[in-house]
Structure formats: structure tokens, C-alpha cells
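Reviewing the structure listed below.
Excluded from the calculations below are hydrogen atoms, water molecules and symmetry mates; all remaining heavy atoms, backbone and side chain alike, are included. Source: prediction; values computed, not measured. Numbers restart at 1 for each chain; the letters A, B, ... are given by sequence-line order, proteins then strands.
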2 protein chains.
Amino acid sequence: MSQQRNGQAAGVSDGGVFPDLPEATVARLPEYLRALHHLAETGFETVSSEGLAAAAGVNSAKLRKDLSHLGSYGTRGVGYDVALLIAQIEHVLGLTQRRAVALVGVGNLGHALAGYGGFSTRGFRIAALFDADPDRIGERINGLVVKDIARLPEVVAAEAISIALIATPAHAAQLVADQLVAAGVTSILNFAPCVLSVPDGVDVRKVDLAIELQILSFHEHRKSALTTLPAPAGNGRMKIRPTLNGEALAT
Amino acid sequence: MSQQRNGQAAGVSDGGVFPDLPEATVARLPEYLRALHHLAETGFETVSSEGLAAAAGVNSAKLRKDLSHLGSYGTRGVGYDVALLIAQIEHVLGLTQRRAVALVGVGNLGHALAGYGGFSTRGFRIAALFDADPDRIGERINGLVVKDIARLPEVVAAEAISIALIATPAHAAQLVADQLVAAGVTSILNFAPCVLSVPDGVDVRKVDLAIELQILSFHEHRKSALTTLPAPAGNGRMKIRPTLNGEALAT
DNA sequence: GTGAGTTTGTGCAAACGTTCACAAACGCCT
DNA sequence: AGGCGTTTGTGAACGTTTGCACAAACTCAC
Ligand SMILES: NC(=O)c1ccc[n+]([C@@H]2O[C@H](COP(=O)([O-])OP(=O)(O)OC[C@H]3O[C@@H](n4cnc5c(N)ncnc54)[C@H](O)[C@@H]3O)[C@@H](O)[C@H]2O)c1
Ligand SMILES: NC(=O)c1ccc[n+]([C@@H]2O[C@H](COP(=O)([O-])OP(=O)(O)OC[C@H]3O[C@@H](n4cnc5c(N)ncnc54)[C@H](O)[C@@H]3O)[C@@H](O)[C@H]2O)c1
């Protein structure tokens, strides 16, 4: 990337779109953003790559390389301006507009999601709830009325919804995905434990808790096998807590 | 890895521990396992790498390389024996014993997790629920009574719990993690949007829905910027549905 | 203005992960 | 028994990601 005068960054002229931002970087930007918001609330105006990296749980060199892809927003000898970096990352992630999200499947998990405040504080607005069960349709949750899934096309268009969450049983998820795509949704976050098939141009991400647990189980298995013979290693030794801006944390 | 006679695989002699299984492979094994269980229920006795890869949503070469790390369990010209492969992957993941899991924070999300049947069908047993709120302690959910978090050490030891889920607010998560570690838990699945600091030897995985949505938001942003000028591309063209064993799916 | 101290941005090499492509191995049919 | 179509297991090429290490750029004190 060519040198930039301070202030103006690469990519701003084309609407903040970074076509070849590495995927690994994209996946970490939200974590930086969360850490930055926390720092801003705590009163920090600037933060070093070391401090932000610690707060986000990553290596500082990695963080600097990630941020360098967005342009040159740091000041050598000082660090990054927290407010500026928040604005820049939100811009890159497309969070300048609050995005409307639909939730399909208002069961056990769906109720928790519908009542979750963490979406609205981080750039999203749950704009509609859908279910296929007549007993559920009409129920009011958190100020929203559960709608019949048949009304998807109409509501998706009216509310300009482009992102949807699927929280139905796995056997219904592909059908729901097809309906979502037909209605114009182009990004899906799937909680059902199954693989979804979608057209090109539609993004799917998956959250499968059992998979997470099984990965942990593997490491448990490995750990317990290792502690049979060698020394139990440093049990009780803590890693260094993240320190912000190089200062030690109070308390 | 050296050539193996059929049947006996590498690693069986040392308790099924594969110290240097690539992390990316470990993360995919649970997905293969889920797909295999689905195939087994559907009546398949064998499956080709192509068929299993489609069912798991990955490239077949990647799948073969992943499975080759476990030893030689396929038959050339035929494919993999479904039941055998299930047993082998469960063995590697340490799922031969049903693992006891603790859940801390029985709020909005915690209730959904406590009532989720997907854990027990995939190798885990929710063995205890904890909360700090006196109003919540004593509540009965799905046959389990919510216990005071102060009783963690006692219950973790009694139930042989090594894995815990944290579903408390973010500001309490680090404290809870410290208590869990002190009680002997060595794997944590964290739902709170924050970075946890734990000693060496303790594994932490994180599920942050807002991060998932923000990654989707980035791609939405990118997509909408691209559709301003160039042709809208093949809208409506579906990817090929996963076909099992090379046969077309009925329906 | 100068020097000392700090911190960014990045070139580079190593580690890691993915995909191709094909020989070897197998079942099956004749 | 032998040939044929199929499928695995893996070497090798390629792409991506990580982490080190350091010059360049900046602040601040005097
Ligand atoms: N409950 C959890 O904590 C949890 C955790 C992880 C994953 N999941 C997964 O999330 C999904 C939902 O879990 P749950 O526990 O909420 O199940 P649930 O049965 O309580 O709820 C499913 C809801 O989906 C609705 N539904 C079914 N078919 C539909 C269709 N075609 N269109 C629209 N709505 C439809 C049902 O009416 C019901 O309200 C499942 O796939 C589950 O595996 C749940
Ligand atoms: N609700 C959702 O769908 C959802 C989705 C994603 C992430 N999350 C995250 O999951 C966490 C829980 O969310 P929620 O909506 O269930 O919140 P909640 O406030 O409804 O529940 C939190 C529970 O944790 C308990 N708690 C607080 N401090 C505790 C402590 N020190 N020890 C033990 N228990 C303690 C509280 O008593 C309460 O019961 C939050 O961090 C939230 O950001 C929730």
C-alpha cells in the first residue's frame, strides 16, 4: 500500500470498501472495536498497539499489521486515537448505518436472542421475528410481534433487512434459508447444527455450540493423557493480565 | 505417518491422543462427526470422501487429509465405513466418556442453554447450574436446581466437571473464570463479550454473536458497494446441494 | 534545536493451511 | 486370474497468516 498523508486513508474515496482485506483481519476487527469501546468508556483518548492488543487478546505486531491495512491511523511515539480508530473500524465494517436483522425461529434460543441487548449496542436492530408455529405467531417479545414466516418477503422488503438469524430446528433450517434468500436476505447467521446451501453472493456463518464443546473435549482428552506421566506443569500460574497503555491495572 | 495394517490405527496404543493433530483439523472433526451421524441415521453404511465432504461443507481433498491424520480408515474404491469412522472420531475427540459440563449464569441465555437438548446428544451432560443472584438460586430448570456459585469447588469435584460455560454479563466473566479455574475447571466456553485471562493449561473458546454479525456486516457493505457499478452477477443461481455417496438426493 | 525515549508501519522468513493431481489399492465383473 | 472403474492417501505447489526485528516518525523536556 502506498504512503498516505496523515488524516486521509486509503479506501475512503471508494466508500470505505476494502476488497482485499485479509479475511483473518476482518474477523479480528470486531474484537478490536469492542476493546476500543471499552477503552473509550474507561476514559482513554489514545492507546498503544501493545495496550490495545492486550485488551483484544492478540499479539501487538498482528494488531499493527491488521490496522495498517485500513491506512495509517496511528501516531508514532503516541499510539492510536481511540475515537478516530472506532470511527474508522465502524466505517470499514459498514456499521455507520444501523443494520436491520430478522430472527427466524422464536423457540428456546430465539427468545433469548430476541431479548438480547448486545445487538443494539453493537450496530444492529432486530427488526422482525418470524415463526411457523401458529401458537407462537402473534406473541409479543420485547416490543416486537412474532410474524408468520409466510410474510417474510413483504417484511424483508419493508424493513430493508439484509441479515437474518436462523434459530429453528436443523431439519427446517435449509427450507428457511431458501425462503430468506428468495426474500432478498444476503447474509445468514445459522444456529442450527447443519450445513446450509445458498447461492453465490449469499454469506453464511455458523454458530454450533456442540462443536465448540467437542473441540474443548479434544484438548481435555489430550491434557488428561499428558498428566498421566510427566510433571503436572505449572498449575496455578496466571498469565499476565492485559494492561492498558502499559500501565498496571488498579485493583 | 507410516503405513498401517488395516484395522489398527496410529495413536491407538497411546490412548487415542494425537498431540500434533493440526488445530484446523481438530476444528473440523466435529463437523464430520455430525455429518456422519446424519448419514448413519439415513442408512448409509459407507461414504466416499466426496459424499462426506459435501455433507460437511468442505473440499474432499481437505477431508481426506484431515482423516489421514487419524490413520488409514478408508478403503480405496469403496470409501469410509460410517460406523467405524464415527467411533474413531469420537475416540480422538475424547467423547467415549460423556463429559460433565457446568453452566454459570442462568439468565436470559443461560435458560436457553440449560434447556438445550443438543448437548446431551453430542457427548455432554449439563451437570450443574450456578448463579450469584439469590432470587435465581434454588430455581429448578430441566431437572436441575440452580446452585450458589460459592458451592463451585465442592460441586466441580463431586461431579468431575472439567468444562464450564460462562453466560454471565461481561463484567462478571473474569471473576467467574477465576473461580472456575480455582475450582479445577480446565476448559471454558465463554459467551460474554470480553477477553478472559487464564493460566497456562486452561483452554478458552469464545462465542460472540455481535462479532459474527459484524463480520457479515462487512461483507454486506462490500457487496452493496460492488453492486453500484458492475453487473449484479448471477443472482438466483444455486450452488449444488450436497449429494451423498455421489447419488442425487430424492425430493 | 537537539537528543532521548517511545511507538508505528512494514520487509521478510517461517509456520501453517489449502488444493491439485496422481500412483497405489481395492472391489467387482467376466 | 486379470482388467476396469473407483476411491483413498499423500507428495508437491501454492496461498495465507503469523511473528520478528528494525528503520522511520513522532513527542517531549530542556
Ligand atoms: N437452545 C439452545 O440453547 C441452543 C443452543 C445451540 C443451538 N441451538 C439450535 O438452535 C435451534 C433452535 O433451538 P431451540 O432450542 O430454540 O429449539 P425450539 O424447538 O425451542 O425452537 C425452534 C423454533 O423454530 C420454529 N420453527 C420450526 N420450523 C420452522 C419453520 N419452518 N419456519 C419458521 N419457524 C420454524 C418452531 O416453531 C420453534 O418456535 C436448533 O437448531 C438448536 O439445535 C439451540
Ligand atoms: N441473551 C442472549 O441471547 C445473548 C446472546 C449472546 C451473548 N450473550 C451474552 O451472554 C451473557 C449473558 O446474557 P444474558 O442475556 O443471559 O444476561 P442476563 O443478565 O439475563 O443473565 C446473566 C446471569 O448471570 C448471573 N450472574 C451475574 N453475575 C454473576 C456472578 N458473578 N456469578 C454467577 N452468576 C452471575 C445473573 O444473576 C444472571 O442470572 C452476557 O454476557 C451476554 O452479553 C447473550
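OP1 or OP2 of D/dG9 has at least one side-chain nitrogen or oxygen of B/Y80 nearer than 4.0 Å. Side-chain N/O atoms of B/S49 include one lying less than 4.0 angstrom from OP1 or OP2 on D/dT8. Within the 4.0 Å cut-off from OP1 or OP2 of D/dT7, not a single side-chain nitrogen or oxygen of B/S48 is found. Taking 4.0 angstrom as the limit, A/S72 places a side-chain polar atom (N or O) nearer than this to OP1 or OP2 of C/dG9.
Between the P atom of D/dT8 and the CD atom of B/E50 lies a distance of 8 Å, rounded to the nearest Å. What separates CG of B/L63 from P of C/dG17 is a distance of 16 Å, to the nearest Å. For the pair B/L70 CG and D/dT10 P, the computed distance is 12 Å after rounding to whole Å.
No side-chain donor-acceptor contact under 3.5 Å links B/H221 and A/Q97. Side-chain atoms of B/S197 and B/Q174 include no donor-acceptor pair closer than 3.5 Å.
Side-chain contact between A/L52 and A/V82: absent, with no pair of heavy atoms (C-beta onward) separated by less than 4.5 Å. Using a 4.5 Å cut-off on side-chain heavy atoms (C-beta onward), B/Y32 and B/L67 make contact.
A/Q214 places a side-chain N or O within 3.5 Å of a backbone atom of B/R122 that can act as its donor or acceptor partner. Remark: the backbone N or O of A/R34 is not paired with any side-chain donor or acceptor of A/H38 at under 3.5 angstrom.
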Any protein N or O atoms within reach of nucleotides 2-5 of chain D? Criterion: under 3.5 Å, listing atom names and distances.
none

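Within the structure, salt bridge (Lys or Arg N to Asp or Glu O under 4.0 Å) pairs that include any residue of residues 75-95 of chain A do not occur (at least two apart or interchain).
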- Contact string for nucleotides 16-22 of chain D, one letter per nucleotide 5' to 3', B = base within protein heavy-atom range under 4.0 Å, S = sugar-phosphate only, - = neither, reads -SSBBB-

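The pair A/R28-A/E31 does not count as a salt bridge, with every side-chain nitrogen at least 4.0 angstrom from each carboxylate oxygen.
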